[in-house]
A.B. asks: 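Dumping the structure here so I can ask a few things about it.
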Amino acid sequence: MTEKEEKYSLLTEQVKSLTEGETDAIAVMANVCAAIQQEMGFFWTGFYRVVGNELLLGPFQGPVACMHIPYGKGVCGSAWKQRETIVVPDVEQFPGHIACSSLSRSEIVVPLFSDSGEVTAVLDIDSKELATFDDTDCKYLEAICGLIASIFQ
């Protein structure tokens with residue numbers, strides 16, 4: 001197991017214990033962001049919630065962020081529309097990237113699904129380094145989002 005996998009394994013267990021029995025989505029998002037940020041040290045970690053036809057900023061850790069993202073726009077809106085995790089090794093190469101911070105260089109966005117299969121939120125994580133995110137990040141972040149998705153019903 002790599003160091004990254006060990007960190008994610010510990011993080012997953014921490015998220016399980018932090019969220020077990022919790023029913024408030026905002027509180028869960030806040031603690032999950034803090035846990036990811038503390039364990040992994042990314043530049044920006046946060047949630048956007050689906051509200052009508054846009055993503056609305058939720059709890060996050062990091063510098064000030066965009067508050068509204070339209071459906072299908074930027075990496076977050078694209079992950080919502082495509083209903084799948086998107087990994088962007090270089091945000092400057094992503095068509096229509098929404099630059100909330102010029103310091104962000106790479107990004108991963110993971111959608112959260114309700115029991116009925118609707119996207120209810122996305123987890124957005126940015127790095128100051130190029131090509132930060134890989135299959136390991138996808139695997140563990142998707143698992144973490146799966147653990148908390150039912151709260152967003």
Side-chain angles (χ1 to χ4, degrees), residues 1-51 54-62 65-66 69 71-91 93-94 96-98 100 104-153:
M1 185 177 276
T2 66
E3 181 181 341
K4 184 189 241 185
E5 289 171 317
E6 287 177 14
K7 281 183 166 186
Y8 270 124
S9 181
L10 290 170
L11 176 61
T12 302
E13 291 306 312
Q14 183 182 12
V15 168
K16 282 179 189 175
S17 66
L18 281 172
T19 60
E20 188 175 348
E22 292 300 327
T23 58
D24 185 86
I26 301 296
V28 167
M29 286 186 284
N31 265 342
V32 169
C33 285
I36 292 170
Q37 196 73 359
Q38 185 174 8
E39 186 62 41
M40 304 306 290
F42 296 124
F43 174 61
W44 195 92
T45 302
F47 287 93
Y48 283 93
R49 300 170 295 122
V50 173
V51 178
E54 69 177 4
L55 293 169
L56 184 61
L57 181 65
F60 68 93
Q61 297 276 315
C66 301
I69 298 176
Y71 178 77
K73 301 297 181 189
V75 183
C76 291
S78 295
W80 175 20
K81 182 178 180 178
Q82 295 173 23
R83 305 172 49 78
E84 64 186 16
T85 299
I86 297 178
V87 174
V88 181
D90 181 351
V91 295
Q93 302 303 313
F94 188 88
H97 176 255
I98 299 169
C100 296
S104 177
R105 301 299 309 278
S106 60
E107 186 170 2
I108 185 171
V109 179
V110 182
L112 285 78
F113 297 93
S114 68
D115 290 342
S116 64
E118 296 301 312
V119 176
T120 56
V122 298
L123 171 63
D124 179 21
I125 302 177
D126 293 11
S127 172
K128 287 185 182 181
E129 309 298 324
L130 291 171
T132 296
F133 306 104
D134 58 22
D135 290 344
T136 299
D137 299 282
C138 288
K139 173 186 167 184
Y140 283 95
L141 292 171
E142 286 173 353
I144 287 168
C145 287
L147 288 172
I148 64 171
S150 64
I151 295 166
F152 296 87
Q153 304 302 318

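The chain is numbered in sequence order, starting from 1. Hydrogens, waters and symmetry mates are skipped; everything else that's a heavy atom, side chains included, is used.
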A.B. asks: Can you name the closest pair of heavy atoms from Q37 and Q61 and give their distance?
C.D. replies: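 Closest heavy-atom pair between Q37 and Q61: CG-CB, 3.7 Å.
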A.B. asks: Between atom CD of E142 and atom OG1 of T85, what is the distance when rounded to the nearest 0.5 Å?
C.D. replies: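 OG1 of T85 is found 3.5 Å from CD of E142.
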A.B. asks: Tell me the closest heavy-atom pair linking L123 and L112, and the distance in Å.
C.D. replies: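 Scanning both residues completely, I find the closest heavy atoms to be N-CD1, 3.8 Å.
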A.B. asks: So do V50 and Y71 actually touch side chain to side chain, heavy atoms under 4.5 Å?
C.D. replies: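 The answer is no, as the side chains (C-beta and beyond) never meet within the 4.5 Å cut-off.
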A.B. asks: Distance from S9 atom OG to Q14 atom CD, nearest 0.5 Å?
C.D. replies: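 Here the rounded value is 12.0 Å.
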A.B. asks: Give every donor-acceptor pair under 3.5 Å between a side-chain atom in residues 18-35 and any protein atom, sequence neighbours left out.
C.D. replies:
from	atom 1	to	atom 2	distance (Å)
T19	OG1	V15	O	2.7
D24	OD2	I26	N	3.2
D24	OD2	A27	N	2.8

A.B. asks: Can you establish whether the number of heavy atoms outside E129 located under 6.0 Å from its atom CD is more than 12?
C.D. replies: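 Counting other residues, nucleotides and ligands, CD of E129 stays at 12 neighbours or fewer.
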A.B. asks: How about CD on E84, more than 12 heavy atoms from neighbouring residues, nucleotides or ligands closer than 6.0 Å, or not?
C.D. replies: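 More than 12 heavy atoms, drawn from other residues, nucleotides or ligands, come within 6.0 Å of this atom.
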A.B. asks: With a 4.5 Å heavy-atom cut-off, do W80 and V109 have their side chains touching?
C.D. replies: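 No - every pair of side-chain heavy atoms lies 4.5 Å or more apart.
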A.B. asks: Does any pair with a residue in residues 15-42 pass ring pair (Phe, Tyr, Trp, His ring centres under 6.0 Å), and if so which ones, sequence neighbours excluded?
C.D. replies: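 Those involving residues 15-42 are F42-F133.
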A.B. asks: What distance separates T45 OG1 from E39 CD, expressed to the nearest 0.5 Å?
C.D. replies: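 Answer rounded to 0.5 Å: 12.0 Å.
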A.B. asks: With E13, which residues qualify under side-chain hydrogen bond (donor to acceptor under 3.5 Å, both in side chains), at least two apart?
C.D. replies: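 If we apply the side-chain hydrogen bond (donor to acceptor under 3.5 Å, both in side chains) test to E13, skipping adjacent residues, the hits are K16.
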A.B. asks: Do you know the tightest heavy-atom contact between L55 and G77?
C.D. replies: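 So the two residues come closest at CD1-N, 3.8 Å.
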A.B. asks: So, T132 versus S106: side-chain donor-acceptor pair below 3.5 Å or not?
C.D. replies: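 Present: a donor and an acceptor within the cut-off.
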A.B. asks: Between atom CG of L57 and atom CZ of R49, what is the distance when rounded to the nearest 0.5 Å?
C.D. replies: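 One gets 8.0 Å once the value is rounded to the nearest 0.5 Å.
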A.B. asks: Within the structure provided, determine whether E5 and Y140 are in side-chain contact (heavy-atom separation under 4.5 Å).
C.D. replies: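 Side-chain contact under 4.5 Å: yes.
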A.B. asks: Determine the minimum heavy-atom distance between P111 and V122, stating which atoms define it.
C.D. replies: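 It is CA-CG1, 3.9 Å.
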A.B. asks: Any side-chain heavy atom of I108 within less than 4.5 Å of one from L141?
C.D. replies: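 The answer is yes; the side chains approach within 4.5 Å.
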A.B. asks: So, the side chain of D135 versus the backbone of C138: is there a donor-acceptor pair under 3.5 Å, distance only?
C.D. replies: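 Flag not set: sc D135 to bb C138 has no pair under 3.5 Å.
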A.B. asks: Restricting to non-hydrogen atoms, name the atom on A65 and the atom on Y48 that form the minimum distance, rounded to 0.1 Å.
C.D. replies: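 That closest heavy-atom pairing would be CB-OH, 3.8 Å.
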A.B. asks: Which heavy atom in K4 sits nearest to a heavy atom in M40, and how many Å separate them?
C.D. replies: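 For K4 versus M40, the nearest heavy atoms are CG-CE, 4.4 Å.
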A.B. asks: With the side chain counted from C-beta on, respond yes when L11 and I36 share a heavy-atom pair under 4.5 Å apart, and no when they do not.
C.D. replies: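 A side-chain contact under 4.5 Å exists here.
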A.B. asks: Using 0.5 Å steps for rounding, measure from the CG atom of D124 to the OG atom of S104.
C.D. replies: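 Result: 8.0 Å between the selected atoms.
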A.B. asks: Do the side chains of F113 and V119 get nearer than 4.5 Å, heavy atoms only?
C.D. replies: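 Counting from C-beta outward, V119 and F113 do come under 4.5 Å.
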A.B. asks: At what distance, to the nearest 0.5 angstrom, does CZ of R83 lie from CD of E118?
C.D. replies: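 One gets 6.0 Å once the value is rounded to the nearest 0.5 Å.
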